[in-house]
Amino acid sequence: MKSKTDVVIIGGGVTGCSLAYMLAKKGIDVVVAEKNYLSSGATGACGAGIRQQWSTKENTELAIKSIKIFESLSTKLGQDIELRQGGYLIAVHDAKEMRQAEKNVNMQRSLGLKVDILDSDEINDVVPVLDVKGMAAVGATFCPTDGHANPFKTTFAYANAARKKGAEIYTHTKVTDIKTINKKISAVKTGKGIIKTNTVVNAAGVWSKKIAEMVDIKLPNVPFRKEILATERLKPMFEAMVISFKDGIYFSQQEEGHIVGGIPIPREKKGYKTMPTFSFIQHMSKTLTRYVPQLKHINMLRHWTGFYDVTPDARPILGEIKELKGFIQCNGFSGHGFMLSPIVSQILSDFITDGKTSKILESLNVNRFKGKKIDHEMYVVG
Ligand SMILES: Cc1cc2nc3c(=O)[nH]c(=O)nc-3n(C[C@H](O)[C@H](O)[C@H](O)COP(=O)(O)OP(=O)(O)OC[C@H]3O[C@@H](n4cnc5c(N)ncnc54)[C@H](O)[C@@H]3O)c2cc1C
């Protein structure tokens, strides 16, 4: 293991690996320390949906820029990340939701996004298998360039490309402490040795709060268990990701034919809980078959859990902690860290290499929670 480096990234999920690639590409000496294997956190558990339809301007802008990067990522990294752009159909269930959807679509269009508002009788033109009455939809919005990719392949493609550019990635290497001198980062202690550095990136997902505690910084992030399932392989039925914020459900069909989707269980409480629940299977099956009745007699293949790292406004925490030079946050992604990883790693690598800041970086600093009114992202699955 190296004893000295420019930057230590804690966490080998999609954000840690994409940032390692961006930094190594710019000639920065970078190390990733991952306590398990790459993508063993939320990344390996996720639905890997990529959507640009958000309620806040910031998330929309970030997602639009991310998709642009995703579109050429397989070529750039030299490995297929299995990006498929079948669009996202967001169900709208009542007049109040429709007013919010129209407001969002106007904002999204002002940023150049192509997104349509559909009447209830147009929903089946996009996803023919949906039971529009059963799902109680009065309409929907649809963006054809939204999609999804393979989270494992994306993470490993970033990691392999980063290694080729000189990054060192240490798996099964837990960070146990962070050392500081005069309010500046000085070293990172791991289970395999100490690495001297002046810059640490906290990309430890739902464990970022614990990493920050090592230097007496309090992050407002809260862990929430999220459950997700995959069905047996079925013949191709639809291409879009379907999502409803009212019902909390999202699902898509993978290229191999599996339906993959999730829903929050009623009355889920915060905490580091990993056990899958039967309640999820019941709730998901009932809701999914209400949306797509022809899925009633199929088999579930697998069901697993992961964490959302949720912030008070459901937007990520990015950038340097003002009180501790060299301690950079890259966490709090709530339910959308996979899709934002390409643009977030670009923004943070610009900051780390050139000190380049931006309006978005400033507005996503953790300081936003200090007493000011916050702009909550509404388009999240609860
Ligand atoms: C069920 C589910 C569905 C989701 N669906 C989507 C979706 O459709 N689209 C989307 O964009 N996002 C989705 N998300 C969210 C997305 O998975 C996360 O936001 C994203 O993967 C975060 O990536 P990350 O690299 O920041 O964190 P993680 O992938 O959690 O990586 C953090 C890593 O840090 C490591 N670590 C922690 N502590 C230490 C330590 N002390 N030392 C060393 N390493 C440490 C962990 O082992 C872990 O591998 C979903 C999440 C879940 C759970």
Side-chain angles (χ1 to χ4, degrees), residues 8-20 31-52 54 59 62-63 66-67 70 88 146-149 151-152 154-155 158-159 169-178 188-192 200-214 221 223-230 241 243 250-252 260-264 272 274 276 280 284 303-311 314 316-318 329-345 348 380-381:
V8 174
I9 299 172
I10 307 174
V14 69
T15 53
C17 293
S18 58
L19 183 58
V31 161
V32 177
E34 164 54 52
K35 68 175 176 178
N36 289 318
Y37 55 89
L38 299 183
S39 71
S40 56
T43 300
C46 86
I50 306 168
R51 76 174 141 98
Q52 302 153 95
W54 292 94
N59 270 346
L62 288 171
S66 254
I67 280 267
F70 269 118
Y88 251 73
D146 289 346
H148 60 86
F152 297 98
T154 307
T155 307
Y158 266 129
I169 299 180
Y170 305 128
T171 57
H172 305 283
T173 305
K174 185 171 181 175
V175 170
T176 53
D177 204 2
I178 300 172
V188 167
K189 198 174 164 198
T190 78
K192 292 183 181 167
V200 166
V201 179
N202 183 5
V206 80
W207 300 275
S208 295
K209 202 180 171 79
K210 294 179 187 283
I211 299 291
E213 282 167 6
M214 292 175 181
N221 315 22
F224 273 95
R225 169 178 57 191
K226 293 288 161 185
E227 303 182 58
I228 179 166
L229 62 72
M241 175 84 85
I243 184 164
Y250 66 91
F251 58 94
S252 66
V260 173
I263 197 166
Y272 289 96
T274 52
F280 165 78
M284 181 67 187
H303 160 208
W304 64 97
T305 69
F307 288 113
Y308 273 14
D309 178 29
V310 179
T311 61
I317 296 177
L318 299 181
Q329 304 311 301
C330 180
N331 50 64
F333 287 99
S334 305
H336 34 283
F338 177 74
M339 65 183 85
L340 297 185
S341 56
I343 184 64
V344 160
S345 55
L348 282 182
V380 285
V381 178

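One-based numbering, in listed order, for ligands and for the atoms of each.
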Exercise. Between Phe338 and ligand 1, find which residue part has any heavy-atom pair under 4.0 Å and reply side chain, backbone, both or neither.
Key: both
Quiz prompt | Cation-pi geometry met for Lys35 and Trp207 (6.0 Å, 45°) | solution = yes
Exercise. Record the part of Asn331 in heavy-atom contact with ligand 1 below 4.0 Å; permitted values are side chain, backbone, both and neither.
Key: neither
Quiz prompt | Phe333: numbered ligand 1 atoms lying under 4.0 Å from its heavy atoms | solution = 19 (O), 26 (O)
Quiz item: Do His336 and Val380 have side-chain heavy atoms sitting under 4.5 Å apart?
Solution: yes
Quiz item: For ligand 1, is there an N or O atom under 3.5 Å from any N or O atom of Met241?
Solution: no
Quiz item: Which option out of Ala42, Gly16, Gly261 puts a heavy atom nearest to atom 30 (O) of ligand 1?
Solution: Ala42
Quiz item: Can you tell me if Asn202 and Ser208 form a side-chain donor-acceptor pair at under 3.5 Å?
Solution: yes
Quiz prompt | Tyr250 contact mode with ligand 1 (heavy-atom cut-off under 4.0 Å) | solution = side chain
Quiz prompt | Gly49, any N or O under 3.5 Å of ligand 1 N or O | solution = yes
Quiz item: Counting only heavy atoms not in Tyr37, do more than 12 fall under 6.0 Å of its OH?
Solution: no
Quiz item: Between Val14 and ligand 1, is there a nitrogen or oxygen pair with a distance under 3.5 Å?
Solution: yes
Quiz item: Of the backbone atoms (N, CA, C, O) and the side-chain heavy atoms from C-beta on, which set of Ala48 has a member under 4.0 Å from an atom of ligand 1: side chain, backbone, both, or neither?
Solution: backbone
Quiz item: Any side-chain heavy-atom pair from Thr176 and Thr190 closer than 4.5 angstrom?
Solution: no
Practice problem: Please state which part of Ile228 comes within less than 4.0 Å of ligand 1, counting heavy atoms only: side chain, backbone, both or neither. | Solution: side chain
Quiz item: Can you tell me if Gly262 has a non-hydrogen atom under 4.0 Å from ligand 1?
Solution: no
Quiz item: Taking heavy atoms and a distance under 4.0 Å, where does Ala33 meet ligand 1: side chain, backbone, both or neither?
Solution: backbone
Quiz prompt | By side-chain contact (heavy atoms from CB on, under 4.5 Å) - contacts of Ser252 (at least two apart) | solution = His148, Met241, Gln254
Quiz item: What residue and heavy atom of the protein are closest to atom 12 (N) of ligand 1, and at what distance?
Solution: Gly335 O, 3.0 Å
Practice problem: For the residue pair Glu34 and His172, establish whether any side-chain heavy-atom pair is separated by less than 4.5 Å. | Solution: no
Quiz item: Are any of the N/O atoms in Met339 less than 3.5 Å from those in ligand 1?
Solution: yes
Quiz item: Which part of Ser39 is near ligand 1, with near meaning a heavy atom under 4.0 Å away: side chain, backbone, both or neither?
Solution: neither
Exercise. Measure from atom 37 (C) of ligand 1 to every heavy atom in Tyr88, Trp207, Tyr170, Tyr37 and give the option owning the shortest one.
Key: Trp207
Quiz prompt | Nitrogen or oxygen atoms of Phe307 and ligand 1 under 3.5 Å apart | solution = no
Self-check item: atom 47 (O) of ligand 1 [closest protein heavy-atom partner, distance rounded to 0.1 Å]
Solution: Glu34 OE2, 2.7 Å
